[in-house]
Amino acid sequence: MNAGPIVKVSALKKRFGSGPLVLDGIDLEVNRGEFVSFIGPSGCGKSTLLRLIAGLTSASEGSITVEEVAPEKARKRMFFVFQDANLIPWRRVAENVELPLLLRGDDPVHRRECVARMLEVVGLAGAAEKYPWQLSGGMKMRVSIARALSVAPDILLLDEPFGALDEMTRDRLNEDLLAIRSRDPFTGFFVTHSVAEAVFLSSRIVVLGANPGRVTAVIDVPFAYPRQAELRESPAFLRLLATTAQALRAVRPA
Amino acid sequence: MNAGPIVKVSALKKRFGSGPLVLDGIDLEVNRGEFVSFIGPSGCGKSTLLRLIAGLTSASEGSITVEEVAPEKARKRMFFVFQDANLIPWRRVAENVELPLLLRGDDPVHRRECVARMLEVVGLAGAAEKYPWQLSGGMKMRVSIARALSVAPDILLLDEPFGALDEMTRDRLNEDLLAIRSRDPFTGFFVTHSVAEAVFLSSRIVVLGANPGRVTAVIDVPFAYPRQAELRESPAFLRLLATTAQALRAVRPA
Amino acid sequence: GEKASAPSAGAAPPLTKITVQTDWYAQPEHGGFYQALVKGYYREVGLDVTINQGGPNAIPRQKVATGAVEFGVGRTDELLVAAGQGVPLVALGALMQRDPQAILFHKESGIRDFKDLDGRGLMAEPGAVWLKILEKKMGLKMSTLPLDYGLSRFLADKKFVQQCFITNEPFYVRQQGADAGTLLLSDAGIRPYRIWYTSRSFLTKNPAVARAFTAASIRGWRDYIEGDRKEADALIGSLNPKMVPEFIAYSVGVMREFKLVEGDPSKGERIGQIDPVRLANEITELTAIGVLGRPVKLADVWDETFLPEDVRAAAARK
Amino acid sequence: MSTTSQSRLAACLLPALTAVALIVLWYAFKAVFRVPSFVFPAPHEILAAAWDERAVLWSAALVTVRGALLGFTSAVTVGFLMAMALGFSPRIKASFYPLILVLQMMPVTILAPIFVLWLGQGLPSIVAITFVIGFFPVVANTTMGFISVDRNLRELFVMCSATRAQEVRYLRIPGAMPYFLTGMKIAGTLAPIGAIVGDFLAGSAQGGVGGIGYMTISYFSQLKTPALFATGLVACVMGFLFVGGVNWLHWRLLHSWHDSMVKKE
Amino acid sequence: MSTTSQSRLAACLLPALTAVALIVLWYAFKAVFRVPSFVFPAPHEILAAAWDERAVLWSAALVTVRGALLGFTSAVTVGFLMAMALGFSPRIKASFYPLILVLQMMPVTILAPIFVLWLGQGLPSIVAITFVIGFFPVVANTTMGFISVDRNLRELFVMCSATRAQEVRYLRIPGAMPYFLTGMKIAGTLAPIGAIVGDFLAGSAQGGVGGIGYMTISYFSQLKTPALFATGLVACVMGFLFVGGVNWLHWRLLHSWHDSMVKKE
Ligand SMILES: Nc1ncnc2c1ncn2[C@@H]1O[C@H](COP(=O)(O)OP(=O)(O)OP(=O)(O)O)[C@@H](O)[C@H]1O
Ligand SMILES: Nc1ncnc2c1ncn2[C@@H]1O[C@H](COP(=O)(O)OP(=O)(O)OP(=O)(O)O)[C@@H](O)[C@H]1O
Ligand SMILES: [Mg+2]
Ligand SMILES: [Mg+2]
């Protein structure tokens with residue numbers, strides 16, 4: 001692997017069909033091991049940006065490279081936690097988590113272990129045999145998170161993964177995410193509406209403005225990893241929280 | 001109308017099929033004009049409780065009455081904001097919002113006005129002609145909220161309506177909701193994972209524990225309506241916030 | 001198709017295996033072939049014959065022409081039409097001098113003669129040559145309904161007219177009490193032979209087989225009409241359960257009464273015979289009404305050398 | 001932009017290429033196995049026969065297309081209404097579905113004489129036969145569409161206190177469209193066949209010229225195999241018109257929202 | 001509990017009630033319009049005929065059920081594989097869909113003689129005809145199922161770098177099941193009809209007893225109308241067995257997740 005940025009976005013513009021610009025002139029370089037959060041008003045293009053990085057949609061102008069190739073070519077190293085849980089209705093919870101491992105050909109023993117471990121992490125060990133329609137909203141999202149984590153990708157794109165969770169579960173999963181990351185390092189791209197979550201998790205926060213989506217502020221988060229739960233109470237953390245909230249409030253809503 | 005509780009839940013138990021108890025011994029009396037929030041860990045049965053009140057599922061034991069009749073009979077006075085946006089894929093945004101008005105036979109002029117006003121409230125006036133698949137996650141939820149508000153029901157059940165929204169939009173919609181409520185009073189049942197939101201909006205907060213779901217604490221919120229944005233900075237508010245967060249943290253996660 | 005073959009006897013000289021495709025399910029109208037089979041006439045001439053029952057889609061002409069079977073059963077007009085389409089089939093002998101095809105009607109309908117059919121509806125096989133002759137030569141205007149092989153519409157409608165075999169349908173409708181009349185097509189001068197035939201190429205390569213089959217078939221037919229039919233009828237009945245004894249008796253009775261198989265001896269007709277003059281007339285007639293795609297010569301469809309001497313002589317004597 | 005026009009080109013070119021390949025194979029097959037034309041004619045012979053018989057085929061096609069169109073329309077309409085009734089209540093479904101199955105599974109050859117007796121020979125009977133052949137695919141598909149409606153949307157309608165009729169009109173019917181259109185496509189391919197069979201069982205001909213079904217038997221008995229195949233050609237053209245119409249409707253109704261049509265970007 | 005057993009009772013009782021009502025209507029109709037039995041027999045006459053002819057009908061049914069079963073199996077298998085190929089790539093679809101339509105829209109009456117010539121009279125031809133009649137509903141439905149797969153799930157598979165084959169196996173096939181089963185149900189009702197028509201057009205009255213198609217002609221030409229209707233009865237019984245099998249499969253495959261089966265609580 002080389003030392004250049006793992007993801008490079010330059011002069012990116014995106015519109016759907018002949019609609020208005022959704023993203024306008026995004027420039028971004030992200031290095032290996034970074035954890036970048038995107039915050040911004042609803043509809044400003046956060047999901048679209050993540051989907052562009054994943055190669056699920058193509059740029060109208062400008063370029064994106066992942067590991068210096070087109071995103072489509074680097075997809076094996078990426079995984080995505082979609083904004084809606086995106087579970088397969090005819091597969092049970094465990095089977096849903098297992099799917100990406102099955103598709104990439106992991107052996108059954110490893111799959112079973114991995115699935116069990118990840119369901120444990122998200123607190124759904126007891127729901128392994130349920131079908132998606134039998135789950136609560138938050139449980140669905142947790143299955144989706146377990147699925148992504150079981151893949152242990154180089155680049156993980158998370159689109160509001162914790163939005164449907166209560167604060168306690170959310171905080172715990174935040175910490176678990178960082179713990180997993182310290183064992184199995186990945187570069188993270190993270191969309192959230194919780195400023196506190198963004199500050200706690202990220203090495204960098206990108207604030208997006210709406211209509212069209214563009215970068216209005218980039219905030220570096222200096223706290224060293226591994227971060228502990230106590231960080232949340234530290235004055236430096238609270239200060240940065242305020243700064244970030246300020247930057248977000250400066251954005252005109254969509 | 002009489003002076004008794006508008007919703008009365010007593011000794012309610014719920015299980016799905018032959019599964020374990022999801023809700024166990026819920027007792028609750030809610031008077032006209034109250035705004036009750038439910039908070040609790042993911043999967044503890046909040047959505048199920050709301051669905052029971054709406055008569056979308058039936059109790060296994062115990063009873064629920066709405067206006068002293070079975071919930072199914074009182075449905076004309078209720079509306080529901082579902083946890084997932086639940087938009088109709090073949091109807092445009094405006095048509096989705098219009099649907100309940102159309103179904104209850106409102107005249108077209110009134111429908112059009114009402115839809116336009118509500119789309120304005122949720123900040124989607126520009127997206128009226130889009131189809132659901134063209135919306136961002138937060139936009140979908142806002143359409144769903146606009147749809148519920150346009151009905152102006154006596155009883156409004158909201159299942160995490162603002163979870164997918166950024167803090168600014170969320171705060172604004174919180175305030176809009178209270179403003180609408182002061183003009184068009186309704187009894188509110190509200191599920192949220194944001195303690196701050198619960199305290200800001202509610203007259204009472206019910207904390208649910210998990211496995212099985214049961215009431216672990218009930219917190220009265222003494223602030224008078226109408227409430228303004230400034231309330232959020234008041235010491236009394238922050239104190240209650242801490243108390244509530246405390247009560248929530250006391251609950252064992254699901 | 002259904003293989004109706006005689007039980008094999010002891011160690012005889014090797015038999016030549018051939019197959020005959022009939023144009024309908026087993027019935028007395030094919031009786032001579034079954035008679036020859038059960039009586040061992042084919043075996044005597046060195047043939048191991050299989051009779052394929054027909055049905056609505058038996059397509060004997062196509063099967064013979066493509067070599068799927070060796071011999072087919074049909075009518076001369078069919079053969080001429082095939083020749084007109086460039087399909088080389090050759091008639092070998094006639095199983096019936098008179099065609100049993102007829103018009104079936106209720107006596108109440110006031111039909112007495114063919115010209116009374118003018119302006120009526122008639123259920124018949126689409127594209128049938130006799131239909132064209134009635135239309136073009138006799139100038140009858142009829143609306144035709146495709147044949148459905150059934151009789152319930154006839155029975156339900158006193159004005160209904162349909163094609164029939166004189167040996168066949170009248171039995172059932174009279175059984176139901178209908179006062180049905182028939183007009184035999186041959187009385188209108190429509191006189192195809194019912195024949196067996198083979199392809200030109202088979203004939204060139206296996207003249208002896210064709211000759212043997214023809215002789216044994218004629219023997220079978222003669223025997224079926226004049227001799228003991230019991231075994232053959234039993235075979236027919238077992239192949240086609242519809243063929244109960246009363247019905248077979250009726251059918252054979254009519255065949256005898258109208259001399260369908262042997263024809264009129266006073267005109268020199270006899271079992272098996274095909275008269276070149278009559279066949280030539282048929283060619284002329286079919287050419288005139290335009291059903292032959294290209295000109296057909298007598299020699300294309302007929303080779304008298306395959307008929308046994310005595311039968312040929314009878315025709316010449318006339 | 002360029003990819004769209006490319007794919008549009010492909011959509012036209014590929015079937016043409018397959019057709020060419022098929023025709024080459026056809027000739028090769030005929031040559032290698034020496035299949036005579038009275039069994040399986042070559043494409044040019046079929047076209048020549050179609051041209052020779054154009055007057056007859058044209059009037060036959062007109063007769064048949066009328067039956068097919070009426071039969072198709074009634075199959076789709078009645079099938080749709082029937083499915084609506086079946087989807088309306090499980091009781092109606094329990095009461096009538098077996099009956100519909102019986103009607104569907106009765107061989108047409110048995111029903112035809114009854115139709116002819118009641119409706120008389122000709123168009124009404126042909127339409128009835130076409131109807132019987134085409135309506136079950138519509139019923140089966142539309143019913144499946146009706147009962148497959150998203151359970152969350154059903155709850156939305158419950159919350160709206162929608163009447164049964166409203167639920168059917170605003171939820172079940174539009175939701176069942178993808179299924180309904182598939183059933184309609186099947187009915188569309190069956191309609192010409194139905195009309196041909198109907199013509200065969202209940203049609204009538206004047207002066208030797210009837211509908212396509214009549215001509216099919218007529219050419220068959222005259223061993224005019226190329227002309228026989230030309231009737232098949234006519235049947236196909238008719239069928240393609242029907243399916244084309246259904247495809248157009250599919251596009252009209254679904255392109256703005258359904259997964260089968262919406263391009264992902 | 002009580003509602004389930006109630007609804008189960010209704011599911012049995014209602015069709016029975018409809019059947020009784022129908023039979024009453026049937027007799028009334030016959031009495032009022034004086035419809036003779038050789039056109040439209042009364043139910044008891046049909047049953048009596050079925051009993052009288054039970055030996056013949058039974059062996060005929062055995063012949064036909066073989067053709068129907070083989071034709072049905074091949075229609076479902078080939079139809080499914082074909083739909084898979086069509087869903088696999090838009091190019092394959094553009095190339096071959098028109099061809100499939102042509103095969104479907106060719107009247108069986110034209111195809112039957114070709115089958116008879118190639119495959120001979122009897123079972124192979126009957127199976128081929130049954131196949132031709134039944135396979136398009138499977139293809140049309142399954143193809144629609146394949147292309148209707150949720151676009152979000154498609155993206156999930158893209159993110160998993162799933163191969164085309166994996167996408168087909170783990171996403172498209174299970175996702176298309178509701179459509180496939182509907183197609184299968186239609187094919188199931190068509191299979192006995194196909195085998196009967198096949199028997200009619202290409203059958204061979206094996207060993208003195210043909211299939212149901214042969215018996216149909218035989219009874220029809222003998223004016224044994226009650227027995228004719230008894231063949232219809234046999235056809236229906238056969239069809240119900242097929243549809244019952246498909247319904248069982250439907251339940252097996254979909255009851256745990258699909259909206260058409262999952263009871264809301
Ligand atoms: N497939 C699409 N076709 C057309 N417009 C689209 C499509 N997907 C998204 N959009 C539009 O692009 C804009 C950005 O959407 P996006 O989903 O990226 O927002 P977001 O920042 O993720 O919002 P949220 O926080 O609500 O999820 C929105 O205006 C949306 O309407
Ligand atoms: N239809 C169903 N069938 C079986 N179990 C169900 C069904 N719906 C919900 N459950 C179970 O009931 C429990 C409560 O679910 P519910 O949706 O009420 O949770 P919730 O409190 O709303 O959670 P969240 O905050 O994650 O939305 C969960 O364990 C869930 O698995
Ligand atoms: Mg988003
Ligand atoms: Mg919930």
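In what follows, chains carry the letters A, B, and so on, assigned in the order in which the sequence lines appear, proteins first and then strands, with residues in each chain numbered from 1. Because the structure is predicted, anything quoted here is derived from the model rather than measured.
- Ranked by heavy-atom pairs shorter than 4.5 Å toward chain D, the options E:Ile147, E:Leu233, E:Leu181 are led by E:Ile147.
- Each of D:Ala191, D:Ala94, D:Ala16 has some count of heavy-atom pairs under 4.5 Å with chain E, and the biggest count is that of D:Ala94.
- Heavy-atom pairs under 4.5 Å with chain E were tallied for D:Ala21, D:Ser148, D:Pro137; the largest tally goes to D:Ser148.
- Contacts between D:Leu22 and chain E at a heavy-atom distance below 4.5 Å involve the side chain alone, from C-beta outward.
- The contact between E:Thr189 and chain D is made by backbone and side chain atoms together, counting heavy-atom distances below 4.5 Å.
- Using a 4.5 Å cut-off between heavy atoms, D:Thr231 contacts chain E through both its backbone and its side chain.
- How far OG of E:Ser221 is from CG of E:Leu228: 10.0 Å, rounded to the nearest 0.5 Å.
- Atoms CD and CZ, on E:Glu167 and E:Phe157 in that order, are 7.0 Å from each other to the nearest 0.5 Å.
- The parts of D:Phe240 that come within reach of chain E are both its backbone and its side chain, each placing non-hydrogen atoms under 4.5 angstrom from that chain.
- Only the backbone of D:Val149 comes within contact range of chain E, with at least one heavy atom under 4.5 Å from a heavy atom of that chain.
- Using cut-offs of 30° and 60° on the angle between ring planes, the pair D:His255 and D:Trp251 is parallel.
- The aromatic rings of D:Phe242 and D:Phe72 stand perpendicular to each other, their planes meeting at an angle above 60°, with 30° marking the opposite boundary.
- Only the side chain of D:Phe220 comes within contact range of chain E, with heavy atoms under 4.5 Å apart.
- Contact of D:Pro192 with chain E is not made at all, since no heavy-atom distance falls under 4.5 Å.
- Annotation: maximal heavy-atom pairing with chain E below 4.5 Å, among D:Pro15, D:Ala19, D:Ser95, D:Gly239, occurs at D:Ser95.
- Using a 4.5 Å cut-off between heavy atoms, D:Leu99 touches chain E through its side chain atoms alone.
- Of the residues considered (E:Ile133, E:Thr182, E:Thr225), E:Thr182 shows the highest number of contacts with chain D, using heavy-atom pairs under 4.5 Å.
- Rounding to the nearest 0.5 angstrom, the gap separating the NE2 atom in E:His250 from the CG atom in E:Leu253 is 8.5 Å.
- Here NZ of E:Lys224 is found 13.0 Å from OG1 of E:Thr216. Values are rounded to the nearest 0.5 Å.
- No other option in D:Pro178, D:Pro107, D:Gly145 has as many heavy-atom pairs under 4.5 Å with chain E as D:Pro178.
- Residue E:Ile186 forms a side chain to side chain contact (heavy atoms under 4.5 Å, CB included) with just one option from E:Val138, E:Asn141, E:Val246, E:Val243, and that option is E:Asn141.
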Where do E:Phe229 and E:Phe40 land on the ring-ring contact (aromatic ring centres under 6.0 Å, His included) test, with the steps shown first?
CA-CA 8 Å; E:Phe229 274 76; E:Phe40 191 46; 5.7 Å; yes

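- Of all heavy-atom pairs spanning E:Arg154 and D:Asp259, the tightest one is NH1-O, 4.1 Å.
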